[in-house]
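All of these numbers come straight from a predicted model, not from anything done at the bench. Letters A, B, ... are given to chains in the order of the sequence lines, protein chains preceding strands, and every chain is numbered from 1.
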2 protein chains.
Amino acid sequence: MAEREVDRSVSQTVKAQLALRDQILSGSLRPGERISELQAVETTGASRTPVRMALVRLEEEGLLEAIPSGGFMVKAFSERDISDSIELRGTLEGLAARFAAERGVSARELEPLKECLAAIDELLRQVPISIEAFSSYVTLNARFHALLTELSRSPPLVRQIDRAAALPFASPSGFVMAQSALPEAQQILIIAQEHHRVVIDAIENREGARAEAVMREHARLAVRNLRLALRNRTHLDLLPALALIKTATD
Amino acid sequence: MAEREVDRSVSQTVKAQLALRDQILSGSLRPGERISELQAVETTGASRTPVRMALVRLEEEGLLEAIPSGGFMVKAFSERDISDSIELRGTLEGLAARFAAERGVSARELEPLKECLAAIDELLRQVPISIEAFSSYVTLNARFHALLTELSRSPPLVRQIDRAAALPFASPSGFVMAQSALPEAQQILIIAQEHHRVVIDAIENREGARAEAVMREHARLAVRNLRLALRNRTHLDLLPALALIKTATD
DNA sequence: TGAATACGTTATGTATACAATACCAGGGGC
DNA sequence: GCCCCTGGTATTGTATACATAACGTATTCA
């Protein structure tokens, strides 16, 4: 290789994976579209071997689909695929919460969760919420969910939850973003925050069933509001990932 | 390449993946052991590129772990990892059963399940059950679970369930195999069959909560008996996959 | 004698060449 | 006029060569 600039700080494989995922989620590559390796080589700057590794990883991640005759295409999701994935994640997070409650969590471990909770409370006190605060909310909410998941002390479960969140809109952040278009966004966030509060309380009091139930309800709230948000599609044009949802089916 | 024999009927990548998975599950490669690409090239007969693709896939599958400094090692599972994975699968199958019940399933779609059920009934009528019948049971049970999963009509959920079953002993077959060592094996299978019967009934009557509950109970039964089977470890020596469970921790 | 460094070996990460297959276009036959 | 067959092209699958980083070993110095 002569003139290709190589960034040696991260592996080419990782670089290609990030670049391709970005292209998919940003909508540069449309669902159903075949990904050409050669084209990916040009856009990512890596060579074919790392690109192929990245493609395999993205396929396992669920964003790509293998074409029987060879190669990969961008996977298309129905609205139901997305809502199922959210409910799926809620179910898994419910299990995580139950594990946490049943297995016991020390006050020290719960501390970061409570800090997160307090920080979100602080944000929600603003009426109406500012753009910056909303952006912070997205981060804090993702952090809360990640911490909660960790409390289960179950690596296989954590792994599965991460997987379930791979689909666009199925991650904590994606879900919040989707709802941002709704006029009732702030009320929704307040209800969600109440769920957060309840799950911590339940874990603290070792009420596994209650902890599980509230996380599932949390997901159902998300599903309901994603549906509403999708009806308001005009407000969502800022979210290119939306293009991933095929409009025809479902 | 001069003398390497190449089987062109399946892709080298798939061949390598199957061969490596087999080596891992059969215990040829021990947990924690580093997998050398060169060695894998020799044992699988594929060249480095497909071997690497297979390694990446197996890592995503959860059987391998990436070593930070490069390469892969066989993942080690604690007993709790396994039991968590079984419970995880039960939870997901519960969700699948609930989806099936809520979304409705035609009599025609339920037919294969009922046939499966009847076939298992037939097998269990033998006392004591023969080795051949037991082997048929393993197949039929796997089929039942696969069919049930499909009834959810939720591709993301099906995908996740498949993933959850990747760990040794976490698949329907693996679980049955593990229990085969227990003296109460036949009673356990009879109880499990009752669960199967109930879940079909619940789906037929569109009782989502009941369908879900029984699948979760089904998994809890599996967890309890896996624990028992692991106490009887001597009987299980015929199962090399057991070596994958690290004995020190947990 | 122990520790640290330098060197050699080995393995992985990356790039590219080669092979085979699938897709498309054009022409000929029915 | 339509379908099938054939040839070319493009793209993927596979193999291997090269570069680079990690690990082990031996030697030297304190």
Criterion salt bridge (Lys or Arg N to Asp or Glu O under 4.0 Å) on B:R98 and B:E93, from CA distance to verdict:
CA-CA 8 Å; B:R98 185 158 70 79; B:E93 287 185 335; over 6 Å; no

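- For B:S69 and A:G70, each mapped to the nucleotide of DNA chain D holding its nearest heavy atom, the one lying further toward the 5' end belongs to A:G70.
- Of the listed nucleotides (C:dA11, C:dT14, D:dT12), D:dT12 has the atom at the smallest distance from the side chain of A:R34.
- Each of D:dG13, C:dT12, D:dT11 was ranked by its minimum atom distance to the side chain of A:E37; first place goes to D:dG13.
- A salt bridge links B:R103 with A:D84; the closest basic N to acidic carboxylate O contact falls under 4.0 Å.
- Atom CE of A:M53 is separated from atom C1' of C:dT16 by 16 Å (rounded to the nearest Å).
- The CD atom of A:E42 sits 13 Å away from the P atom of C:dT16 (whole-angstrom rounding).
- In this structure, CE of A:M73 is placed 18 Å from P of C:dA22, rounded to the nearest angstrom.
- Neither side chain, B:S173 nor B:S171, offers a donor N or O lying under 3.5 Å from an acceptor on the other.
- OP1 and OP2 of D:dT12 both lie 4.0 Å or more from every side-chain N or O belonging to A:R52.
- Out of D:dG13, D:dA17, C:dA15, the shortest distance to the side chain of B:R48 is found at D:dA17.
- At whole-Å resolution of the value, CD in A:Q12 and C1' in D:dT20 are 13 Å apart.
- No side-chain donor-acceptor contact under 3.5 Å links A:S47 and A:Q12.
- C:dT10 atom C1' lies 9 Å from atom CG of B:L38, rounded to whole Å.
- Aromatic ring orientation, A:H145 versus A:H196: perpendicular (interplanar angle above 60°, classes split at 30° and 60°).
- The A:S36 side chain lies nearest to D:dT12 when the options are D:dT16, D:dT12, C:dT14.
- Rounding to whole angstrom units, CZ of residue A:F72 and C1' of D:dT11 are separated by 13 Å.
- Positionally, the nearest nucleotide of DNA chain C for B:I35 lies more toward the 5' end than for the other of A:P50 and B:I35.
- Side-chain N/O atoms of B:T49 and base N/O atoms of D:dA15 include a donor-acceptor pair closer than 3.5 Å.
- Between B:L64 atom CG and C:dT12 atom C1' there is a gap of 15 Å when expressed in whole angstrom units.
- Straight-line distance from the NZ atom of A:K15 to the P atom of C:dG13: 16 Å, rounded to whole Å.
- Across all strands shown, A:I67 has no heavy atoms under 4.0 Å from either base or sugar-phosphate atoms.
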